[in-house]
Asks: 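Supplied in structure tokens, the structure appears directly below.
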Amino acid sequence: AVSIAGVVLAGWGAWMLERSCGGSGVRSTILVGVVGSAAFYGTDTWEHAPAVGFAVMGTALLLTRTTLQTGVLAGVCWGLAVALRSETALVAVGLALAALMIRDVRRPVLAERLRLGLIGAAGVGVLLADRIAQQRIIGSDFRSSRVGNQASAALNAFEERIRDAVVTT
């Protein structure tokens with residue numbers, strides 16, 4: 001159910017973004033929520049769909065609403081997206097750089113420094129809460145241990161390949 005909720009959230013965010021550009025919202029909702037990768041991820045119990053949903057909704061709130069409250073909510077959405085899937089931080093950086101490159105977007109965004117600060121603080125707050133919760137519940141930061149295990153496994157596989165190459169040659 002959580003994965004499906006992520007697809008609904010992504011579709012809703014896409015609808016908001018298209019509506020803000022003058023469209024009906026139907027095309028983007030179908031593209032993101034029905035035939036896109038979010039729909040695929042929503043069919044399984046992965047964290048991908050909720051992460052995509054939070055990222056799209058965070059972007060929609062950031063670009064279509066200009067109140068301080070929606071700024072905080074956008075930061076919370078992006079913080080949850082990054083907490084669920086670390087690579088969404090790269091998407092956030094990419095979107096920020098793209099916004100800074102487009103003059104018509106850059107000026108109004110940079111004019112709202114307080115809102116930008118609230119977005120950042122809310123996102124970092126979610127990430128800190130996630131890290132503290134993982135340390136309290138699991139006893140360590142799950143993401144760090146998972147990355148460490150993957151790096152160790154990759155190094156072991158590489159070591160085995162080198163050993164096999166030396167032995168069989």
Side-chain angles (χ1 to χ4, degrees), residues 1-134 137 142-143 146-147 150:
V2 173
S3 291
I4 294 170
V7 175
V8 171
L9 192 61
W12 184 20
W15 178 83
M16 287 173 61
L17 285 169
E18 186 181 343
R19 294 280 297 170
S20 72
C21 295
S24 66
V26 174
R27 290 179 295 248
S28 59
T29 302
I30 290 172
L31 181 64
V32 172
V34 179
V35 297
S37 59
F40 170 75
Y41 291 131
T43 61
D44 203 352
T45 54
W46 292 342
E47 71 277 9
H48 296 72
V52 168
F54 284 126
V56 173
M57 183 54 76
T59 303
L61 290 171
L62 177 67
L63 296 176
T64 63
R65 310 280 191 237
T66 58
T67 66
L68 294 178
Q69 293 85 354
T70 56
V72 171
L73 191 55
V76 168
C77 284
W78 270 104
L80 288 169
V82 173
L84 289 170
R85 297 296 306 175
S86 302
E87 62 271 13
T88 56
L90 296 173
V91 175
V93 169
L95 287 173
L97 290 174
L100 291 174
M101 289 181 192
I102 302 169
R103 183 174 17 133
D104 292 340
V105 175
R106 178 179 56 233
R107 286 182 181 160
V109 168
L110 291 179
E112 299 183 47
R113 288 183 183 88
L114 175 61
R115 187 164 178 256
L116 288 174
L118 288 172
I119 291 167
V124 169
V126 169
L127 293 174
L128 287 174
D130 175 57
R131 185 174 176 93
I132 290 168
Q134 285 183 26
I137 295 169
F142 176 72
R143 184 174 294 111
R146 184 172 70 178
V147 169
Q150 289 174 348

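Keep in mind it's a predicted model, so treat the numbers as computed, not measured.
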Asks: Which atom names give the shortest non-hydrogen contact between Val56 and Ala14, and what distance separates them?
Replies: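 Minimum heavy-atom separation between Val56 and Ala14: CG1-N, 3.5 Å.
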Asks: Specify the closest pair of heavy atoms between Arg19 and Ser24, including all atoms of both residues, with the distance to one decimal.
Replies: CD-O, 3.2 Å
Asks: According to salt bridge (Lys or Arg N to Asp or Glu O under 4.0 Å), who are the partners of Arg27, at least two apart in sequence or on a separate chain?
Replies: Glu18
Asks: Quick one: CD1 on Ile132 to CG on Leu127, what's the gap to the nearest 0.5 Å?
Replies: 11.0 Å
Asks: Without placing hydrogens or testing angles, list every side-chain donor-acceptor pair under 3.5 Å for residues 70-83, not counting sequence neighbours.
Replies:
| unit_1 | atom_1 | unit_2 | atom_2 | d |
| --- | --- | --- | --- | --- |
| Thr70 | OG1 | Thr67 | N | 3.3 |
| Thr70 | OG1 | Thr67 | O | 3.0 |
| Thr70 | OG1 | Thr67 | OG1 | 2.9 |

Asks: Could you pull out the closest heavy-atom pair between Thr88 and Ala51, with the gap in Å?
Replies: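 Shortest heavy-atom contact: CG2-CB, 4.5 Å.
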Asks: First locate atom CG of Leu95, then atom OG1 of Thr59, and finally report the distance between them rounded to the nearest 0.5 Å.
Replies: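 Reported to 0.5 Å precision, the distance equals 5.0 Å.
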Asks: With sequence neighbours left out, what residues match Trp12 under side-chain contact (heavy atoms from CB on, under 4.5 Å)?
Replies: Leu9, Trp15, Met16, Met57
Asks: Got a second to check how far Leu17's CG is from Leu61's CG, nearest 0.5 Å?
Replies: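 If I round to the nearest 0.5 Å, the distance is 9.0 Å.
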